[in-house]
Protein chains: 2
Amino acid sequence: MPTLSGKNRAKTAELCHALADETRLDILDQLKDGERCVCELTDAMQAAQSRLSFHLKVLKDAGLIQDRPEGRWIYYAINADVVEELEALVASLRVMRKKGRSDSRC
Amino acid sequence: MPTLSGKNRAKTAELCHALADETRLDILDQLKDGERCVCELTDAMQAAQSRLSFHLKVLKDAGLIQDRPEGRWIYYAINADVVEELEALVASLRVMRKKGRSDSRC
DNA sequence: CTTATACATCAAGAATTCATGATATGTCAA
DNA sequence: TTGACATATCATGAATTCTTGATGTATAAG
């Protein structure tokens, strides 16, 4: 579970960093409807193969996508579990309704 | 509304980039329970003032936080609207249940 | 066994991001 | 008006990230 504070904070930052690039958002948009192999992505997007490979690795290292080798191809798909964790993370940002100041002062 | 594709994609990347740093996650964690001025954050966290100011600007430019000047202090708070937009964005990553391959091929 | 295809990885450089220390701006108090 | 405090901004350098083109590896077809 990625969290704002504590020992998982670095993992949270890594997850968000994986989302912080337009090429990678494009990839996720392509994967939204199901798995795709790299050559399909290369066709659909305007990106050199090594560039795609680089970004797929960033997404995979962050845990956002999974790969499934099949013969000569490797199929990538969004990791549904991590998406649920992301939802929990964003939910933790919901502002407390009590606008209450703390008792600290400068 | 930040989206995966289309003209808001850059805004989405900016939002996620703002979340992709441990110092900024710390700041958001501090703001979770209500607004704080910079000096309170400086006390609570282990960060030089100029460093905090830099990261507050990143968060503010991305729309994640708002500021409210009051006398000599500036109070920062999480922007609830943007959090809701983030929730919608993450929801759009939910995997379609039909694992169906598309009709494309390599 | 040779060749083509799908993909990963590497090396080098450009661009961006971040940290730090110094300086600037504005507000309040004495 | 002088000085202290809260905060922003700037300049510099270090570190990280991204792109590109070249090379490596595995698989499959002929």
Side-chain angles (χ1 to χ4, degrees), chain A residues 9-28 30-31 35-77 101-102 104-106, chain B residues 9-28 30-31 35-77 101-102 104-106:
Chain A
R9 204 186 41 181
K11 184 66 189 167
T12 303
E14 186 186 8
L15 259 176
C16 293
H17 169 258
L19 292 168
D21 179 277
E22 296 194 44
T23 302
R24 294 194 287 270
L25 291 176
D26 267 342
I27 293 174
L28 292 173
Q30 297 287 327
L31 297 182
E35 61 178 16
R36 294 281 182 277
C37 67
V38 179
C39 50
E40 284 174 309
L41 295 172
T42 308
D43 285 355
M45 303 171 48
Q46 227 181 3
Q49 181 262 322
S50 72
R51 187 155 79 98
L52 225 17
S53 206
F54 169 79
H55 289 294
L56 286 168
K57 181 169 169 50
V58 173
L59 288 167
K60 184 183 169 191
D61 287 348
L64 270 165
I65 61 176
Q66 308 162 314
D67 60 343
R68 177 176 70 83
E70 180 174 322
R72 213 184 327 193
W73 296 275
I74 298 185
Y75 290 92
Y76 282 95
R101 306 291 345 299
S102 72
S104 62
R105 65 184 70 90
C106 294
Chain B
R9 204 186 41 180
K11 184 65 188 167
T12 303
E14 186 187 8
L15 257 176
C16 294
H17 170 258
L19 291 169
D21 178 277
E22 297 194 45
T23 302
R24 293 194 287 269
L25 291 176
D26 266 342
I27 292 174
L28 292 173
Q30 296 288 327
L31 296 182
E35 61 178 17
R36 293 281 182 277
C37 66
V38 180
C39 51
E40 284 173 309
L41 296 172
T42 308
D43 284 355
M45 304 170 50
Q46 227 179 6
Q49 181 263 323
S50 73
R51 186 155 79 99
L52 225 18
S53 206
F54 169 79
H55 289 294
L56 285 168
K57 181 168 168 53
V58 173
L59 287 167
K60 183 183 168 189
D61 287 349
L64 270 165
I65 60 176
Q66 308 162 315
D67 59 343
R68 178 178 69 83
E70 180 175 321
R72 216 187 320 197
W73 297 277
I74 299 185
Y75 289 92
Y76 283 94
R101 305 288 348 298
S102 72
S104 62
R105 67 182 68 89
C106 293

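Residue numbers begin at 1 in each chain, while the letters A, B, ... track the order of the sequences. Predicted model only: the values in this text are computed from it and were never measured.
Computed from coordinates, the Asp43(B) CG to dC5(D) P distance equals 13 Å when rounded to whole Å. When rounded to the nearest whole Å, the span between CD of Glu14(A) and C1' of dT17(D) equals 14 Å. Counting to the nearest Å, the C1' atom of dA15(C) and the NE2 atom of His17(B) are 13 Å from each other. Asp21(B) has its CG atom 18 Å from the P atom of dT16(C), to the nearest Å. As rounded to whole Å, 13 Å separates atom C1' of dG26(C) from atom CH2 of Trp73(B). Nucleotide dT17(C) holds its P atom 11 Å from the CG atom of Asp61(B), rounded to whole Å. The CG atom of Asp67(B) sits 8 Å away from the P atom of dA8(D) (whole-angstrom rounding). Across the protein-nucleic acid pair, Leu52(B) atom CG and dG21(C) atom P stand 15 Å apart, rounded to whole Å.
Put simply, the side chain of Thr42(A) gets close to the backbone of Val38(A): a donor and an acceptor are under 3.5 Å apart.
Remark: His55(B) is in phosphate contact with dA19(C), judged by side-chain N or O atoms under 4.0 Å from OP1 or OP2. The side chain of Tyr75(B) places no N or O atom within less than 4.0 Å of a non-bridging phosphate oxygen (OP1 or OP2) of dA6(D). Contact annotation: Arg72(B) side-chain N/O to dA29(C) OP1/OP2 distance is not under 4.0 Å.
Considering all non-hydrogen atoms of both residues, Ala18(B) and Leu59(B) come closest at O-CD2, 3.7 Å. Contact record, Ala44(A) with Gln30(A): CB-OE1, 3.5 Å, taken as the closest heavy-atom pair.
Checking dT7(D), dT20(C), dC7(C) against the side-chain heavy atoms of Arg51(B) singles out dT20(C) as nearest. Nearest to the side-chain atoms of Phe54(B) among the listed nucleotides dT7(D), dA22(D), dC18(C) stands dC18(C). The listed nucleotides are dC18(C), dT7(D), dT19(D); the one nearest the side chain of Ile74(B) is dT7(D). Side-chain proximity of Leu56(B) to the nucleotides dA6(C), dA8(D), dT20(D) is greatest for dA8(D).
A donor-acceptor contact under 3.5 Å is formed by the side chain of Gln49(A) with the base of dA8(C).
For the pair Arg68(A) and Glu70(A), the salt-bridge criterion is met [side-chain N within less than 4.0 Å of a carboxylate O].
Comparing Ala48(A) and Glu70(A) along DNA chain D, the residue whose closest nucleotide (by nearest heavy atom) sits nearer the 5' end is Ala48(A). Between Arg24(A) and Ser50(B), it is Ser50(B) whose nearest contact on DNA chain D lies nearer the 5' terminus.
With Leu52(B) as the fixed residue, the side chain to side chain contact (heavy atoms under 4.5 Å, CB included) test singles out one of Arg24(B), Lys57(B), Met45(B): Met45(B).
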